[in-house]
**Student:** 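Quick one: this structure, given as structure tokens, is what I'll be asking you about.
For ligands, and for the atoms within them, numbers begin at 1 and follow the listed sequence. Keep in mind it's a predicted model, so treat the numbers as computed, not measured.
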Amino acid sequence: MTAIVVFIDQVDAPGKLHPIHHQLLTLARGAGEPVAVVAGPVGAELAAELGSYGVARVVHSGQAELADYLVAPKAELVAQAAAAVSAAAVLVDNSPQGKEIAARVGVALNAGVITDAVGVSNDGGALVAHKSVLAGSWTVDARATTAVSVISVKAHSVDAAPAPGAAVAAVERLEVAFSPASLGARITKRTPRESSGRPELEDARIVVAGGRGLDGDFGPVEELADVLGAAVGASRAATDAGWISHAAQVGQTGKKVSPQLYISVGISGAIQQKAGMQTSKVIVAVNKDSESPVFEIADFGIVGDLFKVLPQAVEEIKRRRA
Ligand SMILES: Cc1cc2nc3c(=O)[nH]c(=O)nc-3n(C[C@H](O)[C@H](O)[C@H](O)COP(=O)(O)OP(=O)(O)OC[C@H]3O[C@@H](n4cnc5c(N)ncnc54)[C@H](O)[C@@H]3O)c2cc1C
């Protein structure tokens, strides 16, 4: 059976799996035998949750270096654990940290690295990564020619599901030999970002994104996001205008999101915007211009003034929920 390592970071928020971990474990289970490699503690609750996703083998390290230094020690944990279990592939999330780990593990294991995958399958023992490219207009299958592949997977590309029969996860401790080079950048202070109370853009199942059409007023977008429990995103026109933080930008030079539902509001749908959201499962566009290119990719379109459409949508959602 092909051993597939799934990296699980428990350093900052220990105790429970994140939705992307459920998704990575579901993918790994479909393509081989998932082995969870955990940075941080593994308590009984976490081990049971891993078992419910079909993980029979967990390799972890709680060494202080994993929390005290930037990403490099985590990459060394993943590389050494992958070698110890003779993994054919390593799956990480597609966050900046995940992609840096992918690159470092690729170098350490002389493994091919594939980023931005939306799926993984096993073709006769070789792992194939599926990618959606050129602003979502093409699907590409990519395969590393090396013995080990390292693949970073976009959030919400697959629906996570527990295994039909839970496994009992055996937890092994790995003593990682950290190289001096990995201990070059020590973290001296952590300042948690102020929470908006909304989900993180890249993790959210629903994203409501606004563009230049909002004319500086993100209120209607935020209100709709809040009744739907959604994250708020934006086009570059909106972030460049200073109406919302650059962290909210979706697109080629912003975040890549793949939620179940993306509601695009007052955004024209330029190719650079599409590059960050076109793999969303369902796209709803609200735009007053019926010729706007955003309607070419929308599953549902509403031609109208967003300042009239959004408050009505909010009212109707609240009424149905009451
Ligand atoms: C190298 C490069 C990288 C880029 N990266 C990104 C990126 O990462 N993300 C990104 O988004 N862009 C990016 N851009 C910019 C991109 O090309 C577009 O300029 C940008 O996406 C346009 O933003 P917008 O759709 O909000 O604005 P516009 O194109 O001006 O569209 C505004 C839309 O709002 C509609 N509208 C106006 N008023 C209303 C109303 N009252 N009700 C309903 N609809 C209304 C209009 O009909 C129009 O369609 C990049 C550009 C370059 C060159």
Side-chain angles (χ1 to χ4, degrees), residues 93-96 98-99 115-116 118 131-138 152 154-157 196 198-204 206-228 230-259 261-317:
D93 66 74
N94 209 49
S95 63
K99 285 196 268 194
T115 57
D116 298 335
V118 294
K131 296 179 52 139
S132 176
V133 299
L134 299 176
S137 47
W138 289 83
S152 71
K154 285 182 168 185
H156 299 297
S157 301
S196 65
R198 300 191 182 103
E200 292 293 320
L201 194 49
E202 285 151 307
D203 301 335
I206 306 176
V207 173
V208 185
R212 204 193 310 265
L214 287 168
D215 204 14
D217 178 9
F218 260 72
V221 160
E222 288 174 346
E223 233 186 302
L224 180 59
D226 289 342
V227 290
L228 292 170
V232 171
S235 72
R236 182 158 149 184
T239 57
D240 278 355
W243 300 340
I244 187 166
S245 147
H246 280 285
Q249 185 180 316
V250 173
Q252 182 184 317
T253 43
K255 306 243 166 83
K256 312 275 186 296
V257 299
S258 233
L261 173 61
Y262 187 92
I263 304 179
S264 162
V265 180
I267 296 178
S268 59
I271 185 131
Q272 296 90 353
Q273 155 74 197
K274 285 190 209 167
M277 46 65 78
Q278 202 169 17
T279 52
S280 304
K281 302 288 176 303
V282 175
I283 298 171
V284 175
V286 181
N287 197 301
K288 68 178 184 186
D289 175 8
S290 62
E291 301 293 320
S292 175
V294 74
F295 290 123
E296 289 165 16
I297 53 159
D299 298 287
F300 301 96
I302 301 163
V303 179
D305 182 349
L306 70 93
F307 293 103
K308 293 193 179 134
V309 174
L310 263 58
Q312 287 177 44
V314 168
E315 275 317 303
E316 184 61 18
I317 293 164

**Student:** Who's the nearest protein heavy-atom neighbour of atom 22 (C) of ligand 1, and how far?
**Tutor:** Ala237 CB, 4.0 Å

**Student:** Taking all non-hydrogen atoms of both residues, which atom of Ala234 and which atom of Ala209 are closest, and how far apart?
**Tutor:** N-CB, 4.0 Å

**Student:** Which distance, rounded to the nearest 0.5 Å, do you find between the NE2 of His246 and the OG1 of Thr239?
**Tutor:** 5.0 Å

**Student:** State whether Arg198 and Asp226 are salt-bridged, where the test is any N-O pair (Lys NZ or Arg NE/NH1/NH2 against Asp/Glu carboxylate O) under 4.0 Å.
**Tutor:** yes

**Student:** Find the distance between CD (Glu200) and OG (Ser95) and round it off to the nearest 0.5 Å.
**Tutor:** 11.0 Å

**Student:** Distance only, no hydrogens: is a donor on one side chain within 3.5 Å (strictly under) of an acceptor on the other, for Thr279 and Ser258?
**Tutor:** yes

**Student:** In the protein, which heavy atom is nearest to atom 30 (O) of ligand 1, and how far is it?
**Tutor:** Arg212 NE, 2.6 Å

**Student:** Using a 4.0 Å cut-off to any heavy atom of Gln252, which atoms of ligand 1 qualify?
**Tutor:** 7 (C), 8 (O)

**Student:** Looking only at protein heavy atoms, which one is nearest to atom 28 (P) of ligand 1, and what is the separation?
**Tutor:** Ser268 OG, 3.6 Å

**Student:** Just to be sure I read this right, does ligand 1 sit under 4.0 Å from the backbone of Ser235, its side chain, both, or neither, counting only heavy atoms?
**Tutor:** both

**Student:** For atom 47 (O) of ligand 1, what is the nearest protein heavy atom, given as residue, atom name and distance?
**Tutor:** Asn287 OD1, 2.7 Å

**Student:** Quick one: which of Lys308, Gln272, Glu291 has a heavy atom closest to atom 52 (C) of ligand 1?
**Tutor:** Gln272

**Student:** Is there any N or O on Val250 that sits under 3.5 Å from an N or O of ligand 1?
**Tutor:** yes

**Student:** In terms of residue, atom name and distance, what is the protein heavy atom nearest to atom 45 (C) of ligand 1?
**Tutor:** Lys288 CG, 3.7 Å

**Student:** Need the ligand 1 atom indices (1-based, order shown) with element for anything under 4.0 Å from a heavy-atom of Gly254.
**Tutor:** 8 (O)

**Student:** Output yes when a side-chain donor or acceptor of Lys256 lies under 3.5 Å from a complementary backbone atom of Gln252, and no otherwise.
**Tutor:** yes

**Student:** Taking Asp116's backbone N and O only, do any of them form a donor-acceptor pair with Asn94's side chain (distance below 3.5 Å, no angle check)?
**Tutor:** yes

**Student:** How long is the straight-line distance from CH2 of Trp138 back to OG of Ser132, given to the nearest 0.5 Å?
**Tutor:** 12.0 Å

**Student:** How far is atom 7 (C) of ligand 1 from the closest protein heavy atom, and which atom is that?
**Tutor:** Gln249 NE2, 3.2 Å

**Student:** Provide the number and element of each atom of ligand 1 under 4.0 Å from a heavy atom of Asp289.
**Tutor:** 47 (O)

**Student:** Is the side chain of Ser245 donor-acceptor paired with the backbone N or O of Ala247 at a distance under 3.5 Å, no angle test?
**Tutor:** yes

**Student:** Need the ligand 1 atom indices (1-based, order shown) with element for anything under 4.0 Å from a heavy-atom of Thr253.
**Tutor:** 3 (C), 4 (C), 5 (N), 6 (C), 7 (C), 8 (O)

**Student:** Nearest to atom 34 (O) of ligand 1, what protein heavy atom do you find, and at what distance?
**Tutor:** Gly266 O, 3.0 Å

**Student:** May I ask you to list the atoms of ligand 1 that are less than 4.0 angstrom from any heavy atom of Gly211?
**Tutor:** 26 (O)

**Student:** Output yes when Lys99 and Asp93 qualify as a salt bridge under the 4.0 Å nitrogen-oxygen rule, no when they do not.
**Tutor:** no

**Student:** Could you tell me whether atom 19 (O) of ligand 1 has a protein heavy atom closer than 4.0 Å?
**Tutor:** no

**Student:** Show the atoms of ligand 1 that are less than 4.0 angstrom away from any heavy atom in Ser292.
**Tutor:** 49 (O)

**Student:** Can you tell me how far OG of Ser264 sits from CD1 of Ile283, rounded to the nearest 0.5 angstrom?
**Tutor:** 8.0 Å

**Student:** Among all protein heavy atoms, pick the one closest to atom 42 (N) of ligand 1 and tell me residue, atom and distance.
**Tutor:** Leu306 N, 2.9 Å

**Student:** Just jot down the ligand 1 atoms closer than 4.0 angstrom to any heavy atom of Ala270, in number order.
**Tutor:** 16 (C), 17 (O), 18 (C), 21 (O)

**Student:** If the cut-off is 4.0 Å to any non-hydrogen atom of Gly304, which atoms of ligand 1 fall inside it?
**Tutor:** 42 (N), 43 (C)

**Student:** May I ask you to check whether over 12 heavy atoms, not counting those of Lys281, lie within 6.0 Å of atom NZ?
**Tutor:** yes

**Student:** Indicate yes or no for a side-chain donor-acceptor contact from Ser280 to the backbone of Met277 under 3.5 Å, with no hydrogens or angles considered.
**Tutor:** yes

**Student:** So between Met277, His246, Arg236, whose heavy atom ends up nearest atom 4 (C) of ligand 1?
**Tutor:** Arg236

**Student:** Check each of Gly233, Ser264, Pro220, Gly213 against atom 37 (C) of ligand 1 and report the one with the nearest heavy atom.
**Tutor:** Gly213

